[in-house]
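Report on the structure given below.
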Amino acid sequence: MRSVLPRVAAAAAPATLPPPLPGLDPAWSRLVTVPGGTDRPGGPDRPARTWHLLDTAGSLDAIGVTPVGTVLCVHGNPTWSYLWRSVVTRTLEVARAGGPAWRVVAVDQLDMGFSERTGTLHRLADRVRDLGALTDTLGLTGPVVTLGHDWGGVVSLGWAVDHPGAVVGVMTCNTAVHQSDDAPIPAPLRLALRPQVLGRGTVLTPAFLETTLAIAHPRLDRATADAYRAPYRGAARRGGIGGFVADIPVDAAHPSAVELDRIAAGVAALDVPALVLWGPRDPVFLERYLDDLTARLPHADVHRFEGAGHLLPDDADVAGAVTDWLGDHLPDGGPRDGAGPRLPSVDADPAADAGRPLWAALDDQRASDGPALVEMAAPGGPRTVSWRLLARRVDEIAVGLADLGVRHGDRVSLLVTPGADLTAVLYACVRIGAVVVVADAGLGLRGLTRAVRGARPDWIVGALPGLAASRALGWPGRRIATLALPAPARRALRVEHSLAEVARRGARLLASGRALPAEPSADDRAAVLFTSGSTGPAKGVVYTHRQLGAVRDVLAAQYGVGVGTGLVAGFAPFALLGPALGARSVAPDMDVTAPRTLTARAVADAVAAVDATVVFLSPAALANVVDTAGALTDADRTVLAGVRLFLSAGAPVSATLLEAAARLMPNASAHTPYGMTEGLLMTDVDLDGVRGAAAGSGSGVAAGSGVGSGICVGVPAPGVRVRIAPLDEHGVPTGAPTDDPGVTGEVVVAAPHVRDRYDRLWRTDRVSRNGVDDPRGHRTGDVGHLDAEGRLWIEGRLQHVVTTPAGVVTPVGPEQRIEGVDGVGRAGIAGIGPAGTQQVVAVVETVPPVRRPGPASADLSAAVRAAAGVPVAAVLVVPVLPTDVRHNSKVDRARLARWAAGVLGGGRVRDPRRTRP
């Protein structure tokens, strides 16, 4: 630093108040001088220094409230206290509304922002001591919650470590407290630290500052970017930026490494509530730093703002997350009962209340040579695996994995298509207490990348496509291949072992007397299952062993599936649950990433392979089975006549489709369960129930009403409670959940088999439980109502509700009525325009399909408008509606709305499936 920037680093200047800037109230700004002195007897003299800071004490006094505590905000490099303007604003709004009043003190670190330019280089230890001297001057004795970003996160946590009597909570955004010896610092920092780059890139030019501003998501507007630039106009004002970069501890020999290690150790000893907020698109603070923080603060609430990056308070609603968290955990400046650290028990009794484990049925049948699994699409023809072989292979893989170092709580990402390999490794992982991460390829490469990176697996078990993607896209985790690979391919893909090698290793150890590891406890985490991503980025849903066992039990109770049942599983969750149910299951010949590839002949072959009596297919798969029924032979039809039960779920299933499928399986009871990844079975209805509901008055449909109609999904399954949180005139579910009939609102469910939580999505989890008085409860995001017979009707998704001048419109009812028009296949409803004044646009697939998207003909438009039951501003036609990637069934109404708005606004008319998600 001194050799590169001798003149600029030595520049000194007094602290000043900032000029008028957007979002910054001048009343918040103040200058505070910290008197000179020494930090310890005999220590060096510390000169007096003047800081600029934002302080809401005066604003709180003006509205007549007394703060319950102070939020101490510390920015990083190259920002300043302006970073926290939204937190300042939101805390004052909460206080004015009668919520907890938190004083915010947001500092400009010395040589940064509008604080004094000291002309000296400040090391990390200096900055922690300087901040302590400032808080002493301010008289901040507690309660204090720290909030830091970037290297300000380290400084704020250092302050927390040094002030245990004052600190009651810590919050951070994209920071790091430890640099591993076996990993280099991120590439952007390595570049900035090069001697030939450091001075020029950070001080002599604004390159470092401009790069930081450029990576905001979304890009900052000019006025906001200029506000960040305001204190750094000219090289003489940027010495602190260069000094901060030069002080990054790149290795153990760096002067600040000892202080960083001290802080890291102190953080691990903090026993106060903690919140960690993260932007995954940060090129500097990579997710390995998040892993380290969460390992040191295992009780912390964590929320990853998918799509956000380094400048997190500008990229995402950090202010809302902060005030929500403070209100939940520290409403009076101290921890609410039960809101303190939730440290995991390291001495949990594995046998305590374990119930019947997931692998119990597998153990029960381990002496049977009957078929457990059949893979119809295996290379070389159908592959049958007996219960004896499956049980033995699960034991072998379990012991082999444990010997390789897979430990209780390790995350194992399974990038394997449904079949024997996936089943064996999944049950092996569950048996030894590893947490399986299941994100199917139906998410698409981008969605799968987000899911795997977000889940941060310790291990990846994959087939060749998954391994190649994991290597090319930098997914974390040590790698195990499901197949043998040549040595060059293993090296290229960084594969350490094959699954066969793992099994042979386990077999040798079992033969030598090695026992299986202790069983996990019922409340240990068992799996992270990812949602379909049909209404936003896929979310990881955490299940414990107890909850997965409850899923198994409710399915068995509802449908009588168990030992002796033959199950065709065209839907991945059922393929994995087959052995837990004791059922022999078969994976039909299909591409699991494209459900519409399943044919009627393939289903008949699968039924014959295990003498199946139960068939489970997604709606898209079922639709193609019906469409390809003409290829069935008489023998195929005889086989299908032996099916006693078929189910279809994952998206709404029409009575027409169920009736067509019932003609192929004439002796089967047709059911369409309703559920979600967060709770796989909530309600159920059979075909007779669908017909009866449609014929009766239970739907609550009113002529011309935009709400009240929908798809009947039946009555609650055993142990499930369903209620409705009523919508207000803005389409927001503000009412208390009720089970009164005829009330349209968000569907709220509660059951023993509802998920434990969302993975690293604390705020999403909070929203899903808001106003729900049952700890097993979940706000589904679906909109619907209950009828007088207690049946649930689904009317759409909450984010797809249209708010028109005439009132709220839920989409499913109008879509159903439009789909009854001659010449219409599927329909999608979209709302365009500002909330409260939205117009309804109908987008339809025609029969036969049109060649190009565009406006509908006058006759079709008139027929659609007449059928819709709500005012329709425009009718558009498309060859194919955009749908979700997993089920290929749920109409992507959000994408449809963006496309329709562009078309009606005079934009280019293109395929809506090419509109950005």
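A donor atom on one side chain and an acceptor atom on the other are not found under 3.5 Å apart for Glu659 and Thr656. Judged purely by distance below 3.5 Å, without hydrogens or angles, the side chains of Ser768 and Arg755 pair a donor atom with an acceptor atom. Judged by distance alone, the side chains of Thr780 and His778 never bring a donor and an acceptor atom under 3.5 Å apart.
Asp605 places none of its side-chain heavy atoms less than 4.5 Å from the side chain of Pro588. Counting heavy atoms from C-beta outward, Asp782 and Leu798 have side chains that stay 4.5 Å or more apart. Side chains of Tyr543 and Val551 form a contact here, defined as non-hydrogen atoms less than 4.5 Å apart. By the 4.5 Å heavy-atom criterion applied to side chains, Leu681 and Tyr559 are counted as neighbours. In this structure the side chain of Thr613 never reaches within 4.5 angstrom of the side chain of Leu645, judged on heavy atoms. The shortest side-chain heavy-atom distance between Leu786 and Val722 falls under the 4.5 Å cut-off. Using a 4.5 Å cut-off on side-chain heavy atoms (C-beta onward), Thr628 and Arg601 make no contact. Between Leu617 and Val625, the closest side-chain pair of non-hydrogen atoms falls below 4.5 Å.
Distance CZ/Arg691 to SG/Cys712: 13.5 Å, rounded to 0.5 Å. To the nearest 0.5 Å, the span separating CG on Leu664 from CG on Leu640 amounts to 6.5 Å. Atom OG of Ser618 and atom CG of Leu647 lie 12.5 Å apart (nearest 0.5 Å). One distance of note links CD1 of Ile829 with CD of Gln816; it measures 11.5 Å at 0.5 Å rounding. Between Gln547 atom CD and Arg757 atom CZ the span is 9.5 Å, to the nearest 0.5 Å. Between the CG atom of Leu881 and the CG atom of Leu896 there is a distance of 6.0 Å, given to the nearest 0.5 Å.
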* Asked: Between Leu727 and Val783, is a side chain to side chain contact (heavy atoms under 4.5 Å, CB included) present by the stated rule, with each step listed?
  -> CA-CA 9 Å; Leu727 299 181; Val783 176; 4.1 Å; yes
Practice task
Start with the C-alpha distance between Trp793 and Asp787, add both sets of side-chain angles, then the distance that settles side chain to side chain contact (heavy atoms under 4.5 Å, CB included), and finish with yes or no.
Solution key: CA-CA 8 Å; Trp793 296 70; Asp787 64 19; 2.9 Å; yes
Stepwise salt bridge (charged side-chain N to carboxylate O under 4.0 Å, His left out) check, Asp523 with Arg546
CA-CA 6 Å; Asp523 292 317; Arg546 185 190 307 278; 2.8 Å; yes
After noting the C-alpha distance and the side-chain angles of Val437 and Leu414, does the key distance pass the side chain to side chain contact (heavy atoms under 4.5 Å, CB included) rule?
-> CA-CA 6 Å; Val437 177; Leu414 305 181; over 6 Å; no
CA sep, side-chain torsions, deciding dist, call: His671, Asp684, side chain to side chain donor-acceptor pair (under 3.5 Å):
CA-CA 7 Å; His671 286 252; Asp684 176 78; 2.6 Å; yes
| CA sep, side-chain torsions, deciding dist, call: Ile794, Val747, side chain to side chain contact (heavy atoms under 4.5 Å, CB included) | CA-CA 8 Å; Ile794 298 298; Val747 178; 4.0 Å; yes
Inset, instruction - Evaluate salt bridge (charged side-chain N to carboxylate O under 4.0 Å, His left out) for Asp892 paired with Arg898, printing each intermediate quantity in order. - result: CA-CA 10 Å; Asp892 189 339; Arg898 286 189 292 274; 5.2 Å; no
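A donor-acceptor pair under 3.5 Å is absent between the side-chain atoms of Asp759 and the main chain of Gly540, judged by distance alone. Judged by distance alone, the side chain of Gln838 and the main-chain N or O of Thr803 form a donor-acceptor pair under 3.5 Å. Of the possible donor and acceptor atoms, none in the side chain of Gln799 sits under 3.5 Å from a partner among the backbone N and O of Ala894. Listed for the Thr531 side chain is a donor-acceptor partner under 3.5 Å among the backbone atoms of Lys539. Between the Arg791 side chain and the Val715 main chain, no donor and acceptor come within less than 3.5 Å of each other. Between the side chain of Glu746 and the main chain of Gly781, a donor-acceptor pair closer than 3.5 Å is present. Side-chain atoms of Glu819 come within 3.5 Å of backbone N or O of Ala827 as a donor-acceptor pair. Between the side chain of Asp765 and the main chain of Tyr758, a donor-acceptor pair closer than 3.5 Å is present. Between the Asn667 side chain and the Ala641 main chain, a donor and an acceptor come within less than 3.5 Å of each other. Using modelled atom types, no side-chain atom of Arg893 and backbone atom of His800 make a donor-acceptor pair closer than 3.5 Å.
The ring-ring contact (aromatic ring centres under 6.0 Å, His included) test applied to His753 returns no partner, not counting sequence neighbours.
Here the closest heavy-atom approach between residue Val841 and residue Ala900 is recorded as CG1-CB, 4.1 Å. Closest heavy-atom contact between Arg769 and Pro775: NH1-O, 3.2 Å. In this structure, Ala372 and Trp387 approach most closely via the heavy-atom pair CB-CD2, 3.4 Å. When all heavy atoms are compared, the tightest approach of Ala609 to Val374 is CB-CG1, 4.2 Å. In this structure, Val639 and Ala608 approach most closely via the heavy-atom pair CG1-N, 3.7 Å. Of all heavy-atom pairs spanning Gln558 and Pro718, the tightest one is OE1-CD, 2.9 Å.
Taking a cutoff of 4.0 Å between a charged side-chain nitrogen and a carboxylate oxygen, Arg723 and Asp773 qualify as a salt bridge.
Note on ring orientation: taking the six-membered ring where Trp is involved, the planes of His545 and Trp359 are perpendicular (angle over 60°, cut-offs 30° and 60°).
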